[in-house]
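Here the structure is laid out as structure tokens; the discussion comes afterwards.
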Amino acid sequence: MRWDRAEFVARVREAMTIYAEAMGYSPSVVDNRAGYASGHADRPGFRAVAAVDLDGVLLGFGYGYTSEPGQWWHDQVVGAVDREAEEQWLRGGLELCELHVTPTRQGVGLGRTILLRLLEDAPHPAVLLSTPEGDTRAWRLYRSLGFVDLARRHLFPGDSRPFAVLGARLPLAATSQEPPGDA
Ligand SMILES: CC(C)(COP(=O)(O)OP(=O)(O)OC[C@H]1O[C@@H](n2cnc3c(N)ncnc32)[C@H](O)[C@@H]1OP(=O)(O)O)[C@@H](O)C(=O)NCCC(=O)NCCS
């Protein structure tokens, strides 16, 4: 389901609990992260999607907003990509800020469904994201949807892991295949 700004802010702590579990972070990051994420809901182009079970329990979520100069991630990525990529990809792009599924429900198509719903009808020319390098489920998902490299092995301040910056033109071209069990 789509979340508007108020719905997102109301459940942001639950969402950030899933974020911490999915990323393997300590629960102590939740409050701080919830504060940041609530602020993101005021950014232009904000859009969010949640997956819940029949009892309304949150299983996963994704959100993003228009990437603009002055935002931390945007300014970091401008430094990581060449001028052409900046002009062709970053301008007006949708930054996929978070996409996470609770660990016990990963790998059955929820993340893909959330992402496709989030990108459906997005007015942006492209979607952009960064993800840690490695053979992860996130990588397989993004590649299966046609995301291409904008930068590789980029180091963000405060994180020792190298990240890839990936992008895909919108509307997505590679969405015809459905994951197993989702047909
Ligand atoms: C990344 C994440 C959001 C993906 O959500 P998910 O529900 O687990 O993933 P999905 O099942 O929708 O999609 C990924 C899987 O579907 C497969 N898949 C995707 N599209 C497919 C298609 N058209 N046909 C067949 N399989 C497909 C992928 O290969 C992958 O399967 P695999 O890991 O068994 O190889 C989730 O795994 C997660 O929260 N991970 C930890 C946190 C994280 O890394 N977040 C992203 C940070 S950038």
Side-chain angles (χ1 to χ4, degrees), residues 2-3 5 8 15-16 19 22-25 29 33 36-49 60-101 106 109-177 179:
R2 257 184 216 290
W3 265 349
R5 184 196 172 282
F8 176 78
M16 292 308 132
Y19 154 83
M23 296 297 281
Y25 296 152
V29 306
R33 199 69 203 180
Y36 276 116
S38 297
H40 291 163
D42 291 327
R43 292 188 170 179
F46 175 81
R47 47 205 292 129
V49 167
F61 73 98
Y63 78 87
Y65 44 76
T66 307
S67 188
E68 291 183 340
Q71 296 169 355
W72 184 87
W73 189 88
H74 181 99
D75 293 346
Q76 287 294 321
V77 170
V78 165
V81 303
D82 60 30
R83 183 68 187 254
E84 195 181 330
E86 180 187 346
E87 287 175 4
Q88 294 186 359
W89 286 92
L90 261 68
R91 287 216 182 133
L94 173 67
E95 179 197 334
L96 177 67
C97 188
E98 305 292 355
L99 174 68
H100 304 287
V101 171
Q106 291 176 4
L110 275 181
R112 178 184 164 95
T113 302
I114 293 167
L115 182 53
L116 292 181
R117 185 92 167 90
L118 190 74
L119 301 181
E120 204 177 84
D121 303 329
H124 305 80
V127 52
L128 314 159
L129 61 88
S130 53
T131 192
E133 298 272 358
D135 181 20
T136 64
R137 187 163 271 147
W139 264 97
R140 292 190 287 275
L141 175 62
Y142 301 138
R143 286 295 197 226
S144 78
L145 293 175
F147 279 76
V148 298
D149 295 345
L150 302 184
R152 295 295 301 268
R153 307 198 67 75
H154 179 67
L155 292 173
F156 288 95
D159 198 325
S160 60
R161 299 168 300 172
F163 280 71
V165 179
L166 306 179
R169 298 279 177 212
L170 294 177
L172 288 179
T175 57
S176 55
Q177 285 183 300

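Just so you know, residue 1 is the first one in the sequence shown, and it goes up from there.
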**OP:** Work out which heavy atom in P132 is nearest to a heavy atom in W139; give both atom names and the distance.
**Re:** O-NE1, 2.9 Å

Subject >> Modelled atom types, side-chain donor and acceptor of S130 and W73, under 3.5 Å >> reply: yes

Original post:
When rounded to the nearest 0.5 angstrom, what is the spacing between CZ in R91 and CG in L128?
Top reply: 13.0 Å

**OP:** State, to 0.1 Å, how close A80 and A151 come at their nearest heavy-atom pair, and which atoms those are.
**Re:** O-CB, 3.6 Å

**OP:** Answer yes if the ring centres of F61 and Y19 are under 6.0 angstrom apart, and no otherwise.
**Re:** no

Original post:
Do V29 and M16 have side chains that get closer than 4.5 Å, going by heavy atoms?
Top reply: no

For residues 159-172, please give each side-chain donor-acceptor pair under 3.5 Å, one per line with the distance, not counting sequence neighbours.
unit_1 : atom_1 : unit_2 : atom_2 : d
D159   : OD1    : R161   : N      : 3.0
D159   : OD1    : R161   : NE     : 3.0
D159   : OD2    : R161   : NE     : 3.4
D159   : OD2    : R161   : NH2    : 2.7
R161   : NH2    : Y25    : OH     : 2.9
R169   : NH1    : Q88    : O      : 2.7
R169   : NH2    : Q88    : O      : 3.3

Original post:
Does the side chain of L141 come within less than 4.5 Å of L99's, by heavy atoms?
Top reply: yes

Original post:
Does a donor on one side chain and an acceptor on the other come within less than 3.5 Å for T66 and H124?
Top reply: yes

Original post:
Run the side-chain contact (heavy atoms from CB on, under 4.5 Å) check on V77 and F156 step by step: do they pass?
Top reply: CA-CA 9 Å; V77 170; F156 288 95; 4.2 Å; yes

Original post:
Looking at D121 and R47, what are the two nearest heavy atoms and their distance?
Top reply: C-NH2, 3.8 Å

Original post:
About how many Å separate CG of L145 and CG of L119, when rounded to the nearest 0.5 Å?
Top reply: 8.0 Å

Original post:
Taking all atoms of both residues into account, what is the closest heavy-atom pair of L150 and V81, and its distance?
Top reply: O-CG1, 3.7 Å

Original post:
What's the spacing between Y36 OH and C97 SG if we round to 0.5 Å?
Top reply: 11.5 Å

Original post:
At what distance, to the nearest 0.5 angstrom, does OG of S38 lie from CZ of R5?
Top reply: 7.5 Å

Subject >> Flag if over 12 foreign heavy atoms under 6.0 Å of CD, E84 >> reply: no

Original post:
Hey, mind stepping through V148 and Y142 against side-chain contact (heavy atoms from CB on, under 4.5 Å) and telling me if it holds?
Top reply: CA-CA 8 Å; V148 298; Y142 301 138; over 6 Å; no

Original post:
What's the spacing between R43 CZ and S67 OG if we round to 0.5 Å?
Top reply: 9.0 Å

Original post:
Where do L129 and E95 land on the side-chain contact (heavy atoms from CB on, under 4.5 Å) test, with the steps shown first?
Top reply: CA-CA 6 Å; L129 61 88; E95 179 197 334; over 6 Å; no

**OP:** Give a yes or no answer on whether the side chain of R143 reaches the backbone of F147 with a donor-acceptor pair at less than 3.5 Å.
**Re:** yes

**OP:** Please name all residues satisfying side-chain hydrogen bond (donor to acceptor under 3.5 Å, both in side chains) with R153, sequence neighbours left out, ordered by chain then number.
**Re:** none

**OP:** Could you tell me whether the side chain of Q71 and the main chain of E68 form a donor-acceptor pair under 3.5 Å?
**Re:** yes

Original post:
Partners of H40 by ring pair (Phe, Tyr, Trp, His ring centres under 6.0 Å), sequence neighbours excluded?
Top reply: Y63, Y65

Original post:
Do R2 side-chain atoms and R117 backbone N/O form a donor-acceptor pair below 3.5 Å?
Top reply: yes

